[in-house]
Amino acid sequence: MSEEMMEEGGTIKKFLYVNRKAPYGTVYALESLEVVLIGAAFEQDVSLVFMDDGVFQITKGQDTAGVEMKNFSPTYRALEMYDVEKLFVEKESLDARGLTEDDLLVPVEVMTSEQIRDLMEDQDVILSF
Amino acid sequence: MSEEMMEEGGTIKKFLYVNRKAPYGTVYALESLEVVLIGAAFEQDVSLVFMDDGVFQITKGQDTAGVEMKNFSPTYRALEMYDVEKLFVEKESLDARGLTEDDLLVPVEVMTSEQIRDLMEDQDVILSF
Amino acid sequence: MKFAIQVNEGPYTHEASDTAYLFTRAALEKGHEIFRVFFYHDGVNNGTNLTTPPQDDRNVTNRWSELAAKHNLDLVVCVAAAQRRGIVDEGEMKRNGKSAQNIADGFRISGLGQLIEAGIQADRLVVFGD
Amino acid sequence: MKFAIQVNEGPYTHEASDTAYLFTRAALEKGHEIFRVFFYHDGVNNGTNLTTPPQDDRNVTNRWSELAAKHNLDLVVCVAAAQRRGIVDEGEMKRNGKSAQNIADGFRISGLGQLIEAGIQADRLVVFGD
Amino acid sequence: MLHIINKSPFERNSLESCLRTASKGSTLLFIEDGVYAALEGSAKADTLRQAMQDYTVCVLEPDLAARGIAAKAMDGIKRVDYAGFVDLVAESERVQSWL
Amino acid sequence: MLHIINKSPFERNSLESCLRTASKGSTLLFIEDGVYAALEGSAKADTLRQAMQDYTVCVLEPDLAARGIAAKAMDGIKRVDYAGFVDLVAESERVQSWL
């Protein structure tokens, strides 16, 4: 694993979280976010990709009062405080859903499929939800 | 419900089981079959439709030794003994999967989407798996 | 009108149990009768009394138990599906030599025939699942 | 080589736990090391000792327990996911005032950090799910 | 007849299968992740617009709001709450859930 | 890189998403309901034949056999058992499961 480095006695790996599922219909989005938050304490090199229906996780204006679930979307805004700052969104997924960067509740870098491809190849561990 | 009849003091309804999921990848096919078998004792007017990946439930030649699961496909052959004899398969689903009636392990009636449409409209209770 | 409800997925993982609950509650509020709620497939996992969901989230199982108590609902967990997934009442515990039971208040374990009966007796059967 | 395994779905409903088990067994047979098997989402339901599957079917939980005993495997059930779904060990039972515990032999409940640690320590992490 | 669709049309085939076998005059109700079918400007919008010529198309408003797309749903879709969902079931002689 | 696909290409979008983002030279492994992608003569066969030009395509034989389609899989697909699956993971620097 060429990407590994030793630093302060610990290994630093590149972790990629691939988020492909919509929120609320299933719990994967919420429980994936819980992994990211806990994982932040390990000071690894973390990136998040939102593609396919995963882009809906960070769509603005979520209001869950009617479904009586917890709205966890504000937590994505808190990721910065955990030093999780590399958020990528696939352009093709946004386009297919009629969404643009303006519809998202956090600052992200929009990438083409080709760029996501290169990002994936640059990782050590890929966690998919 | 115009299709209901009273017979020997009991109600007879038209039950349709819609099977749309592949076997083994998920348990729905197996547990749906368990409903059909139990339901047979109630002497209702039962039909089964196999469409989408549900057509794979009755594909010939299943051999589950390698995945160490029970091969439940022979049970479809036993349905006749339970007087469950109306098995319908959507032609469009077969075609899309490169299958023909010869690939199926039980006698079925192949129907077009239009015919399935009429069949559905003729039911009282639709159980979908 | 007389409704029957089928729930095919467990709590939290899929929205099915939430939607079924909110539908059932709305039906009762409109004066309809709920003949039975039948829990099948992973839906049987709604019937465990061992969950401790986060404080700021809904408690899916308790919500069903409370609705059942208030409206005298019949919440039936399928026995075959429950055996595959580990939902156990006192009878099942003894019969299968298990160390504990975990069935929640207001739920009972019974056979698949209860689903068919619900389909026959109710005016409408609505299925919630994945 | 050192593998870590993540299992995201419960027994029987999805094939994920079967595939993960057969993969893990094959890896051990080939002489690889399994650093940890981490059960997340509905995967925590693999860790209940209350199932009674049909006699002619595989026993998913027992199979994991036996493989763990034979190869000293570390089977970890995520505590947060387990609380949502009702998988309880003695500590959780006391802490949350539950009436029973249901954790199967060879499984232990711990935090999500164990998954991250597995990702760091293992050469490969393979995820099985829906 | 009432057809209930709870899956995202971007992820699964349920909408296509439903449209293949639903009679003209039926009602389609989108719930849970199915509500994404209502998105204006998406790759599925034309499919849904076409469907609106043959079917009454409804969407469960609480699921739409949860997902932040209440303002982005296409015109011509009827929005219902859980009580309206109950009414749709009561009014329909049969119900099919496209799980 | 190894891409593991466990969903039927007739039901879900995972195969398309994988093909959009997998680098040339990667290995695709179909397991569980994903093995239906290997069906000769299906509506997805051309997609897979095309993919075989850029990727090494493998299928988990026990899952293929379970589903009764071992004799119907396309030529040019490499069949592996669980031990072969383990080898593929060991040989690949990184692994992505398309759940």
Side-chain angles (χ1 to χ4, degrees), chain C residues 7-14 16-18 39-62 64-65 77-105 107 109 129-130, chain D residues 7-14 16-18 39-62 64-65 77-105 107 109 129-130:
Chain C
V7 182
N8 289 346
E9 299 297 331
Y12 307 106
T13 306
H14 297 86
S17 181
D18 295 281
F39 295 88
Y40 197 44
H41 303 307
D42 272 4
V44 301
N45 290 327
N46 288 286
T48 173
N49 63 12
L50 297 180
T51 63
T52 309
Q55 297 277 357
D56 58 355
D57 202 353
R58 77 269 188 216
N59 189 315
V60 171
T61 295
N62 286 0
W64 278 116
S65 294
V77 170
C78 168
V79 61
Q83 286 177 343
R84 280 199 182 93
R85 292 162 182 90
I87 303 299
V88 176
D89 63 7
E90 197 178 347
E92 285 286 301
M93 179 178 72
K94 289 177 181 162
R95 200 159 24 251
N96 300 312
K98 293 296 165 187
S99 58
Q101 54 170 299
N102 61 352
I103 190 90
D105 287 347
F107 290 81
I109 295 180
D130 177 28
Chain D
V7 183
N8 288 346
E9 299 297 331
Y12 307 106
T13 306
H14 297 85
S17 180
D18 294 281
F39 296 88
Y40 196 44
H41 303 308
D42 271 4
V44 301
N45 291 326
N46 287 287
T48 174
N49 63 13
L50 296 179
T51 64
T52 310
Q55 297 275 357
D56 58 355
D57 202 353
R58 78 264 188 222
N59 189 315
V60 171
T61 296
N62 287 359
W64 278 116
S65 294
V77 170
C78 169
V79 61
Q83 286 178 342
R84 280 199 182 92
R85 292 160 181 92
I87 304 299
V88 176
D89 63 8
E90 197 177 348
E92 283 287 300
M93 178 178 74
K94 289 177 180 161
R95 201 160 20 252
N96 299 312
K98 293 296 164 187
S99 58
Q101 55 169 298
N102 61 352
I103 190 89
D105 287 346
F107 290 81
I109 296 181
D130 178 27

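In what follows, chains carry the letters A, B, and so on, assigned in the order in which the sequence lines appear, proteins first and then strands, with residues in each chain numbered from 1.
Going from atom CD1 of D:I87 over to atom OG1 of C:T51 covers 10.5 Å, rounded to the nearest 0.5 Å. Atom-to-atom distance recorded for C:N102:CG and D:N102:CG is 6.5 Å, nearest 0.5 angstrom. Atoms CG and NE2, on C:D130 and D:H14 in that order, are 6.0 Å from each other to the nearest 0.5 Å. Rounding to the nearest 0.5 Å gives a distance of 8.5 Å between OG1 of D:T48 and CG of C:L50.
Heavy atoms closer than 4.5 Å to chain D are found nowhere in C:N46, neither backbone nor side chain.
A search for ring pair (Phe, Tyr, Trp, His ring centres under 6.0 Å) contacts involving C:H41 returns B:Y28, B:F129, not counting sequence neighbours. Under the rule for a side-chain contact (heavy atoms from CB on, under 4.5 Å), the partners of C:S65 that lie at least two apart in sequence or sit in another chain are C:T61, C:A104, C:D105, C:F107.
Applying the salt bridge (charged side-chain N to carboxylate O under 4.0 Å, His left out) test to residues at least two apart or on different chains, the pairs with a partner in residues 39-55 of chain D are D:D42-D:R85.
Among the candidates C:G10, C:P11, C:P54, the residue making the largest number of heavy-atom pairs closer than 4.5 Å to chain D is C:P54.
Chain D is approached within less than 4.5 Å, heavy atom to heavy atom, by C:N96, C:K98, C:S99 from residues 91-99 of chain C, ordered by number.
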